[in-house]
Amino acid sequence: MGDRYAVIGNPIGHTKSPLIHGFFAQETGQDMSYKAIEGPVEPASGFSDSVRSFIAAGGRGMNVTAPFKLEAFAMSDERSERAELSGAVNAMKFENGRIIAENFDGVGLVRDIEVNLHQPMAGKRVLILGAGGAARGALLPFVAARPAELVVTNRHVDKARALVEQVARPLTAAGSLIACGYADLEAMGRFDLVINATSASLTGQLPPVPPSVFSASGSAYELAYGKGLTPFLRLARNAGVQGIADGVGMLVEQAAEAFAWWRGIRPETRTLIDRLTVPLD
Ligand code: NDP
């Protein structure tokens, strides 16, 4: 059976992680297993009990998905800077009785945009919609990509402000980092890249973003995946944006980061992204 890994979430039936990591393991010749665990939401200790029993059974690492990313943060012994800033953990490694925690969502997203979609962010105007877990995880890797301007917008604008204030220090060399409400966007001109990091698409909704933010020569990226042309991507396309993409590449890239962290070898991702892609039209 080899070394044991798992993803934990609730619900977990939809997860593609066992398929992805099974593919990576085969491709890189790693002797390991990877399964999905439905973590109990009740009692309050249900999540940490599940993690500890997985460790006791010889588990080496875990991915963490909704709704447990904050609980994984709370129970970890060591956290990376990006996990620390995002306040959320999506990967854990168990070593010498300690739980080491990471958040690869943001690096996976940046890698998909810059490497797979050939859209370097350096010097560009970038707009992130949403200030939830995914946006928080993305912020440090985005800052590291050195856009000229990074704007974070949220319905509850205080959340966007709090997030921006948290990273204000490491950002100084990278250009301006701004938090604002949706109502302010009309006056802010066009962006080279607009990212929907809200969960609106999961319920078929559209965040209240004005079409004026899109640039025909720019790109629009939807974090949700497997949903075809979401209302956000449709708005972007109607505004003339040619470069549109959903989050399937992010999903595979964050998994590849976790795999490399656990196993010391980075798998190839293109084949899997192509296989999992649901056409946007
Ligand atoms: P959270 O629940 O942490 O945050 C939700 C965010 O969406 C908040 O900023 C919330 O705003 C905003 N929001 C929700 N509904 C609306 C709406 N109708 N209009 C405007 N804003 C809205 O979710 P996550 O950050 O964890 O996930 C966000 C998205 O990213 C989801 O679609 C998820 O599937 C996707 N995702 C994709 C991944 C991938 O690998 N591709 C990985 C992780 C997430 P407010 O605070 O004002 O309520």
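This structure is a prediction, so every number in the text was calculated from the model and none was measured. Atoms within a ligand are numbered from 1 in the order they appear, just like the ligands themselves. We number each residue from 1, following the sequence as shown.
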Query raised in the report: When you measure from the side chain of Gln254 to the backbone N and O of Leu251, does any donor-acceptor pair fall under 3.5 Å?
Result: yes
Report task. Just need the protein heavy atom nearest to atom 48 (O) of ligand 1, so name the residue and atom and give the distance. Result -> Arg155 NH2, 2.8 Å
Query - Heteroatom proximity flag, Ala134 to ligand 1, N/O under 3.5 Å - result: yes
**Report entry** Heteroatom proximity flag, Asn154 to ligand 1, N/O under 3.5 Å
**Finding:** yes
Query raised in the report: Rounded to the nearest 0.5 Å, how far apart are CG of Leu163 and CG of Leu85?
Result: 6.5 Å
Query raised in the report: N/O to N/O below 3.5 Å, does that happen between Ser199 and ligand 1?
Result: yes
Report summary line: Within 4.0 Å of some non-hydrogen atom of Tyr225, the atoms of ligand 1 are 39 (C), 41 (N)
Query - Test of proximity, Gln254 against ligand 1: N or O pairs below 3.5 Å - result: no
Query raised in the report: Nearest protein heavy-atom contact for atom 4 (O) of ligand 1: which residue, which atom, what distance?
Result: Gly132 CA, 3.4 Å
**Report entry** Per-atom contacts, ligand 1 versus Ala131 - under 4.0 Å to a heavy atom
**Finding:** 9 (O)
Query raised in the report: Roughly how far, to the nearest 0.5 Å, is the OH atom of Tyr221 from the CG atom of Leu193?
Result: 10.0 Å
Query raised in the report: Can you tell me how far OH of Tyr225 sits from CG of Asp112, rounded to the nearest 0.5 angstrom?
Result: 13.0 Å
Query raised in the report: Distance from Lys124 atom NZ to Ile113 atom CD1, nearest 0.5 Å?
Result: 11.0 Å
Requested in this report: Run the numbers for me: atoms of ligand 1, each under 4.0 Å from some heavy atom of Ala197, listed by number.
Outcome: 28 (C)
Requested in this report: Go through the side-chain N and O atoms of Asn63 and Tyr34 and say whether any donor and acceptor fall under 3.5 Å apart.
Outcome: yes
Query raised in the report: Counting each atom of ligand 1 from 1 as listed, which ones have a heavy atom of Leu202 under 4.0 Å away?
Result: 31 (C), 32 (O), 34 (O)
Requested in this report: Taking only heavy atoms of His156 into account, list the atoms of ligand 1 that are under 4.0 Å away from them.
Outcome: 45 (P), 46 (O), 47 (O), 48 (O)
Query - Check: Asp246 side chain, Gly226 main-chain N or O, donor-acceptor pair, under 3.5 Å - result: yes
Query - Nitrogen or oxygen atoms of Leu206 and ligand 1 under 3.5 Å apart - result: no
Query - Per-atom contacts, ligand 1 versus Gly130 - under 4.0 Å to a heavy atom - result: 9 (O)
Query raised in the report: Just how far is it from atom OG of Ser201 to atom CG of Leu206, taken to the nearest 0.5 Å?
Result: 8.0 Å
Report task. Please report which non-hydrogen protein atom sits nearest to atom 19 (N) of ligand 1, along with the residue it belongs to and the distance in Å to one decimal place. Result -> Pro207 CA, 3.6 Å
Requested in this report: Output the distance between atom CD (Glu257) and atom CD (Glu102), rounded to the nearest 0.5 Å.
Outcome: 9.0 Å
Query raised in the report: Below 4.0 angstrom, N of the basic side chain to O of the carboxylate: do Arg125 and Asp192 qualify?
Result: no
Report summary line: If you scan protein heavy atoms around atom 29 (C) of ligand 1, the nearest is Thr198 O, 3.3 Å
Query raised in the report: Does the ring centre of Phe214 sit less than 6.0 Å away from the ring centre of Phe232?
Result: yes
Query raised in the report: So which protein heavy atom does atom 42 (C) of ligand 1 come closest to, and at what separation?
Result: Met250 CE, 3.7 Å
Query - Contact atoms of ligand 1, heavy-atom distance to Gly133 under 4.0 Å - result: 3 (O), 25 (O)
Query raised in the report: Short N/O distance, under 3.5 Å, between Lys159 and ligand 1?
Result: yes
Query raised in the report: Taking N or O atoms only and a 3.5 Å limit, does Leu223 qualify as a polar contact for ligand 1?
Result: yes
Query - Chi angles and distances behind the ring-ring contact (aromatic ring centres under 6.0 Å, His included) call for Phe73, Phe68 - result: CA-CA 9 Å; Phe73 180 92; Phe68 297 126; over 10 Å; no
